[in-house]
Amino acid sequence: MDASAIEKKWSSQWAETKAFQPDPDPKRKKRYITAAFPYPNSPQHIGHGRTYTTADIYARYLRLNGYNVLFPMAFHVTGTPILAMAKRIAAKDPDVLSVFEKIYGIPPKKAESLTDPRELVAYFSAEIEQGMKEMGYSLDWRRKFYSYDEKFNKFIQWQFRKLKELDYIVKGEYPIAWCPADKNAVSAHDTRGDIDPELEDVTVIKFKVSMSGHSSADSLIVTTYRPETIYGVTNIWINPKVAYVRVKLKGESLIIAENAAKALDLQLGLEITGPVKAEDILKMKAVNPVTGESVPIYPASFVSPDIGTGIVMSVPAHAPYDYLALRDMGKGNIPMPQVVSLKGYGPTPAKDECEKLGVKNQEDPLAEKATEEIYTKEAHDGVMVLGKYKGEKAIDAKEKISTDMKKTGSAFNIVTIANAPIQCRCGAGVIVNILKDQWFIDYGHTEWKAKAKKCLESMVTIPEKSRSEYLYTIDWLKTRPCTRAAGLGTRFPFDETKMIEALSDSTIYMAYYTISHLLADIPASEMDEAFFDAVFLGKGPKAKDKTVQPLRESFLYWYPVDSRHSAGDLIRNHLTLYIFNHVAIMEQRHWPKQIVTNGFVLMDGTKMSKSMGNILPLRKAIKEYGADVIRFSVVCGADLSSDTDFNKSVAEGVRSRLGLISHLVEESAKLPSTRPHGRIEKWLLSRLNRKIESAEKKYEALQIRELALEIFYDVTADLQWYMKRAHEPNLHAFFQKWVVMIAPFMPHYSEEFWSMLGGKGLVSLAKFPEADHSKIDDNIEKGEELIQKVHADIEKISGLIGKKPAKVTIYVADEWKRKLYAIAKANPTFEGLMKAANAEKMPMKDVQTIAKQIMKNVHALPSVLPQKDELDALKDAEKFLATEYSCEVVVLPESQSKHEKSRSALPGKPAIVIE
RNA sequence: GCAGGGGUGGCAGAGCCCGGUCAAAUGCGCAGGACUUAAGAUCCUGUGACUUAGUGUCUUCGAAGGUUCAAAUCCUUCCCCCUGCACCA
């Protein structure tokens, strides 16, 4: 069977019959499933397929259970990445273009033409949509929209008005990584090398300076992460190669590196009054604001004008760079006051560490390592031995000293980029800006948090263990910026120059799906606050409007979302915001019911990444293996919550099994659908019903991996056994049920099988089989297990004796041995057992041997079949075993033999004699 | 640092909540065999060690202790790994 032909055939069938375009139907129960909508700035890869496949399996399962299921999809285009991507393409960025060509196979001409954000969105969204259709996702595409659609914008603005009414929208200051050239906020994908700028508070300490003994109006300002080491300052470092300037800050005159002054201007408002020569600074003395001590200024090459203020205070006992720079200038032996004591080190930990690592000089990369080592250790275990906070932990003293200095005006805080220097793509150095009129959503509100927690309590989280993460995030969230200066999406209603940020416009959009396909005749201008109030809240002046009614009905029918699907990394933001915004805006009956999160897909054991080039595009994968194989492969490998590995051999394994099943279905389709007659047929039926029963529970709880094992891998094993054992194999009736069970995983093949087997209509809309308990037969299954065991044993023994058996005799243990087991269970002591056996007049010699064995495991004796059942099972398999070994096989009760070996037969373990 | 999740056989990965049927599912890999002119596919067998006309013994589930008749599973301590810590979708 040709996978691609089957896929095409059935996906067009689904489209033609509008199989997955549900409308409200008051007579039927509904289920509403959503998965995170994709961001079309690249094609999707196989990893994206996992979430959607999981959601689709669930949606398809629910459909088989008679639910009216809505599973919609749209595209998220909000924010800057799409703009950034278009810009990079316009600039013919070789990295981007090569990824598109080499990984995704996009013709270079096409790729290079995607310089307009809208064209880019159109191209990639079409690509993604096509991929989703090929995967067979049962999506209702009528409801598709883009997050920059005018009507959607209206909806999002409504959402923000609601939040504002609740006082959840606030305005304030906010530090942000900033490109001074672009005059724009900078995030990881705007920087060279995709580095995420990390902002960090740093203390700036003022050292008053004196020149030739005369005090001066100037102060040198130094930046430090470790203000507590102020007690150990021996000197100040500047870099003679750097340009320094004098600046005015609130009337004070400060000396600072020119670059630093420019970078800090945005947050401090500095006025540069003129240059200062480095050689002049070196002549100055600086006064320690805490100790009052006067220290010299020395030159050092490690000081960078792009980090902090471009001036550094020297604490050689605790800072490896400071020690090294002193040593480099021949002052390695000057007194170095110890501020912090550290176990395992002498009074100068920095020196010790440098010597231990053998750091050559301040330019040596090892200096960085020494610094990290000392800083981390001192932060953890350091205890102050000097100054006001002597005896306290260094980490506590740090805060106190910093606060003290700020109080006296000798220090202040700035925000810097911890991992500086970082370059914007435009080439400018990234700096920190303080946004004065930044808008926030205030997730810190206590009542709001309480409501969110209440929602979480009533919600199902799959996996259950993710619940604690939601709880943590709910507690942790506080004010969160919700606008940006640039990006696609929706304008912020209270300041139209700003755009709503991307995570903030994707929190309640699931509500929009319920009406998005009904808006064609309603102009955007009519979609005001009253309109959405009426649709989603059923109140306000438009609540009775005729145009609103069908929308309201649709919303009321579908909402709430019964299951939200996403990757697990989104719990920390999107999914928790989803909860927050729902509880803020929606009525309680419309709060989220369930969130399902999954792990990533790894490629041959490693994370997929553009730089590694190990991305497998979804459509390429489909072409290579077929949609059903890919669907199965991305979900079956691991538990839902953990990362799963995709590799060739998994996919090929699935494909070959599917091939085996296809073959059996083809054969079965030719046979009539008959009732089971033989023992092995009963066995298969029992196994099937057992699986149906547990499959239902597992589908409900989305135990995808276990399901996959049970209804696919186990089933193929069962089928192989059946085919060996059956006299006239006929799997027609079996497959009629099984196909429905597997259909959520492998919808295309299932449709094909279903039609081959004479099923009516689409299997996608069929009914999930009901388990027939009366057909589950433990004894039959145990009997079959016995046969498998005996089969394996014969194999083993004949291997040991190294010859083909000429005759096999199987002796089934006598009934009294089973009784002995029962006695042992009731009376698990050796003496008790022997006494009871004696009373029963059992052959005590044999009893003793068996009893010894039994007693080892007396608390966990296997339950055994009656002798009759064992005999029945094995006799039924006589023919089969005879064919297997092409020799005579005889099954006898133990008592009918004089053979010595026959006495070693045990319940569940017949004796085997091979001649 | 704080928070969360983990450490199981060559690999991936179940089992752990609810201790015994666990030398530990399943898949992959590997080895041998069948089929084939051959390869591939498929099927069978094996895959901790030792042993054997058999269902036996020993040592294993990050490390060390403990509870128990019995521990991969429960308790304690320790070691190691991964993820997140914010404006980034």
Side-chain angles (χ1 to χ4, degrees), chain A residues 36 38-39 41 76-82 84 174-177 185-190 196-199 376 379-380 395 438 440-441 463-466 468-469 471-473 475-484 487 501-504 506 568-574 599-600 602 604-605 636-639 641-645 647-650 652-654 656-657 659-660 663 705-706 708-710 712-714 717 720 723-724 789-790 792-802 828 853 855-863 884 901 904-906 908-915:
Chain A
Y39 193 84
N41 69 338
H76 193 214
V77 297
T78 307
T80 49
I82 283 172
Y174 198 73
I176 187 172
V186 173
S187 63
H189 46 251
D190 305 313
D196 194 16
E198 288 164 33
L199 303 190
T376 319
H380 284 180
I395 195 150
Q438 174 64 51
F440 299 87
I441 299 180
E464 171 58 30
K465 65 186 171 192
S466 63
S468 57
E469 212 172 328
L471 199 60
Y472 177 81
T473 311
D475 278 329
W476 168 80
L477 274 170
K478 40 189 196 222
T479 50
R480 184 174 194 288
C482 62
T483 60
R484 298 209 59 180
E501 166 277 335
L503 278 172
S504 300
S506 55
D569 57 326
L570 293 183
I571 294 176
R572 293 308 177 108
N573 44 53
H574 163 72
F600 295 112
L602 305 176
D604 292 320
C636 75
D639 243 13
S641 61
S642 37
D643 294 351
T644 185
D645 193 36
N647 55 53
K648 257 189 150 169
S649 50
V650 169
E652 273 163 12
V654 173
S656 93
R657 256 154 227 272
L660 168 80
H663 173 76
R705 184 192 153 79
E706 277 182 54
L709 288 178
E710 211 162 277
F712 190 65
Y713 288 104
D714 274 4
Q720 282 166 347
M723 291 306 288
K724 272 206 245 178
K789 218 151 76 183
V790 167
D793 282 346
I794 297 173
E795 193 78 35
K796 196 173 174 187
I797 297 166
S798 66
L800 277 171
I801 60 174
Q853 289 210 8
M855 288 321 290
K856 273 187 217 158
N857 227 357
V858 72
H859 294 278
L861 282 180
S863 60
E884 283 287 297
K901 281 238 164 270
S904 63
L906 286 177
K909 289 175 181 175
I912 297 163
V913 177
I914 294 177
E915 290 157 61

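Chain letters run A, B, ... following the sequence lines, proteins first, then strands; residues in each count from 1. Hydrogens, waters and symmetry mates play no part in the numbers below; they use all other heavy atoms, side chains included.
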Only pairs with both distances under 3.5 Å count, Watson-Crick or wobble alike; so what is the partner of [N] in this structure?
N      : answer
U36(B) : none
U21(B) : none
G84(B) : C2(B)
C16(B) : none
C78(B) : G62(B)
G46(B) : C30(B)

Give the rounded distance in Å between these two atoms: [atom1] of [X] and [atom2] of [N].
X       : N      : atom1 : atom2 : answer
E501(A) : C88(B) : CD    : P     : 8 Å
I441(A) : A86(B) : CD1   : P     : 18 Å
W476(A) : C85(B) : CH2   : P     : 7 Å
R480(A) : A89(B) : CZ    : P     : 9 Å
H663(A) : A41(B) : NE2   : P     : 18 Å

Validation row: E501(A), P481(A) side chains within 4.5 angstrom (heavy atoms) = no
Less than 4.5 Å apart, any side-chain heavy atom of S504(A) and any of I441(A)?
-> yes
When the [atom1] atoms of [M] and [N] are compared, how many Å lie between them, rounded to an integer?
N      : M      : atom1 : answer
C17(B) : U77(B) : C1'   : 23 Å
C30(B) : C22(B) : P     : 29 Å
G46(B) : G54(B) : C1'   : 16 Å
G9(B)  : C28(B) : C1'   : 14 Å
G27(B) : A34(B) : C1'   : 23 Å
A12(B) : A89(B) : P     : 35 Å
G4(B)  : G13(B) : P     : 23 Å
G10(B) : U47(B) : C1'   : 10 Å

Give a yes or no answer on whether the side chain of H76(A) reaches the backbone of A36(A) with a donor-acceptor pair at less than 3.5 Å.
-> no
Rounded at 0.5 Å granularity, tell me how far [atom1] in [X] sits from [atom2] in [Y].
X       : Y       : atom1 : atom2 : answer
R480(A) : L503(A) : CZ    : CG    : 5.0 Å
N41(A)  : T80(A)  : CG    : OG1   : 10.0 Å
D569(A) : E469(A) : CG    : CD    : 9.5 Å
H663(A) : M723(A) : NE2   : CE    : 7.0 Å

Which heavy atom in [X] sits nearest to a heavy atom in [Y], and how many Å separate them?
X       : Y       : result
C482(A) : Q438(A) : N-NE2, 3.9 Å
S466(A) : I571(A) : CB-CD1, 3.8 Å
R657(A) : F712(A) : CB-CZ, 3.6 Å

Letter per nucleotide, 5' to 3', of nucleotides 1-7 of chain B [B base touched, S only sugar-phosphate touched, - untouched; heavy atoms, 4.0 Å] | S-SSSS-
Summarise protein proximity over nucleotides 23-36 of chain B in one line of letters, 5' to 3': B for base, S for sugar-phosphate only, - for none, counting protein heavy atoms closer than 4.0 Å.
-> --BSSS--------
Taking the nucleotide of RNA chain B with the closest heavy atom to each, which residue, A502(A) or E652(A), is nearer the 5' end?
-> E652(A)
Contacts of L660(A) and H76(A) projected onto RNA chain B by closest heavy atom; the upstream (5') one is L660(A)
Classify the nucleic acid contact of T473(A) as base, sugar-phosphate or nothing, counting any heavy atom under 4.0 Å across all strands shown.
-> nothing
Give N573(A) one of three labels, base, sugar-phosphate or nothing, depending on what nucleic acid heavy atoms sit under 4.0 Å from its own.
-> base
CA sep, side-chain torsions, deciding dist, call: R572(A), Y472(A), side-chain contact (heavy atoms from CB on, under 4.5 Å) = CA-CA 9 Å; R572(A) 293 308 177 108; Y472(A) 177 81; 3.4 Å; yes
